[in-house]
There are 2 protein chains.
Amino acid sequence: MSKIKETSTNFANKQALADECPEAYAANIIGGQWALVICSWLFNGKLRFGELRKLLPNITERMLTLQLRKLEEYKIVKRTVYAEVPPRVEYELTAIGYELKPIIKQLEEWGAKHRELSGES
Amino acid sequence: MSKIKETSTNFANKQALADECPEAYAANIIGGQWALVICSWLFNGKLRFGELRKLLPNITERMLTLQLRKLEEYKIVKRTVYAEVPPRVEYELTAIGYELKPIIKQLEEWGAKHRELSGES
DNA sequence: TCATTTACTTACATTTTTTATAGTACCTTA
DNA sequence: TAAGGTACTATAAAAAATGTAAGTAAATGA
């Protein structure tokens, strides 16, 4: 787990910003490299660790683990472990996680539009 | 300007993700530590460099410059330099930049709600 | 006994982002 | 002549994020 240095200026700045600005608070949570994309896939329903890995071809197991752990910590996803061998672990969005759907959808639309504009100029 | 190493795996991953997922594309653009907050302030109208610096008490001049340059590069903000001494530079959102407003507003609402949930449990 | 499967974990290396500190140019005003 | 204000730039360092490679446990089937 990537430990954050709680004495760093960066940590203090993030805290202060998040305290004042809910959008910065939100960005800290969903801001990793893969978090939004993981959520996007989970909007369609539960997925196993291995399934997610296949859907995100370039992600390493380490990064997938880290991102899922972070999302779990913030209660965006729920992790269910089945006592089987080989192990089976399923990930699904929580209620608050699912509420990201319209936001991500809008972000997608904005991104597509922005790319179009940039491509033309 | 922070140069990106175009031979790194990280660069390739970001590219590939952004190509396929508009939300990842968007996240790359507005994903910096201060970008969203800068945009938030600019929704209310033009601001000078020094005004932004005062509104973001902990930001360094370097970071503010970097973030503004990035936002300018992606046509989110427009930079206007007045040929005066001492210099005056104004920043304002472009049309596509302004279209982030509803998204950021929703993010704020989501963030506030998430924080509330986390505080209670 | 041995390989197989799955979801990790660990140690380490590299890359990217953020912070720190000290400058600079320019004209105006004192 | 000197100080002051504005929006920066240069350089270095610290911190954070991401990537690489290898290893682990535990039951099952061969």
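In what follows, chains are A, B, ... by sequence order, proteins preceding strands, each numbered from 1.
Residue A/Tyr82 is classed as having no contact, given no heavy-atom separation below 4.0 Å to the nucleic acid. When heavy atoms are screened at a 4.0 angstrom cut-off, A/Arg53 is found touching no nucleic acid atom at all. In this structure, A/Thr60 reaches the bases: a heavy-atom distance under 4.0 Å links it to at least one base atom across the strands shown.
Here the nucleotide nearest the side chain of B/Met63, chosen from C/dT6, D/dG5, C/dT19, is C/dT19. Nearest nucleotide to the B/Arg48 side chain, out of C/dT6, D/dA7, C/dT19: D/dA7. Side chain of A/Pro86, nearest nucleotide from D/dA7, C/dT6, D/dT18: C/dT6.
Atom CG of B/Asn28 is separated from atom C1' of D/dT18 by 13 Å (rounded to the nearest Å). C/dT18 atom P lies 11 Å from atom CD1 of B/Ile38, rounded to whole Å. Between the C1' atom of D/dT6 and the CD atom of B/Glu90 lies a distance of 13 Å, rounded to the nearest Å. Atom pair A/Ile59:CD1 and D/dG19:P shows a separation of 8 Å (rounding to whole Å applied). Computed from coordinates, the A/Asn58 CG to D/dT20 C1' distance equals 14 Å when rounded to whole Å. A/Leu64 places its CG atom 15 Å from the P atom of C/dT6, with the value rounded to the nearest Å. Rounded to an integer number of Å, the gap from A/Arg88 CZ to D/dT28 P is 15 Å. Distance, A/Glu84 CD to D/dG29 P: 13 Å, rounded to whole Å.
In this structure, A/Arg115 satisfies the cation-pi test against B/Tyr25, with its NZ or CZ atom closer than 6.0 Å to the six-membered ring centre and inside 45 degrees of the ring normal.
Electrostatic pairing of B/Glu99 and A/Lys113 counts as a salt bridge here, judged by a charged N lying under 4.0 Å from a carboxylate O. Using a 4.0 Å cut-off between a side-chain N of Lys or Arg and a carboxylate O of Asp or Glu, A/Arg88 and A/Glu90 qualify as a salt bridge.
Near-neighbour residues of DNA chain D inside residues 12-26 of chain B, defined by a heavy atom below 4.0 Å, number-ordered: B/Asn13.
Residue-to-nucleotide contacts include no donor-acceptor pair under 3.5 Å from the side chain of B/Arg62 to the base of D/dT9.
When hydrophobic clusters are built by joining Ile, Leu, Val, Met, Phe, Trp and Tyr residues whose side-chain heavy atoms come closer than 4.5 Å, directly or via intermediates, B/Leu68 is grouped together with B/Val81.
Between B/Tyr98 and B/Phe43, the two ring planes are perpendicular [angle over 60°; tilted spans 30° to 60°].
Positionally, the nearest nucleotide of DNA chain D for B/Val85 lies more toward the 5' end than for the other of B/Val85 and B/Arg79. A residue-by-residue look at A/Gln67 and A/Thr9 shows that A/Thr9 has its nearest nucleotide of DNA chain D further toward the 5' end.
Counting non-hydrogen atoms of neighbouring residues, nucleotides and ligands closer than 6.0 angstrom, the CD atom of B/Glu20 reaches no more than 12 such neighbours.
B/Trp41 places no side-chain N or O within 3.5 Å of a backbone atom of B/Lys46 that could act as its donor or acceptor partner.
Taking only side-chain nitrogens and oxygens, A/Asn10 never comes nearer than 4.0 Å to OP1 or OP2 of D/dA15.
For the pair B/Met63 and B/Trp34, the minimum side-chain heavy-atom distance is below 4.5 Å.
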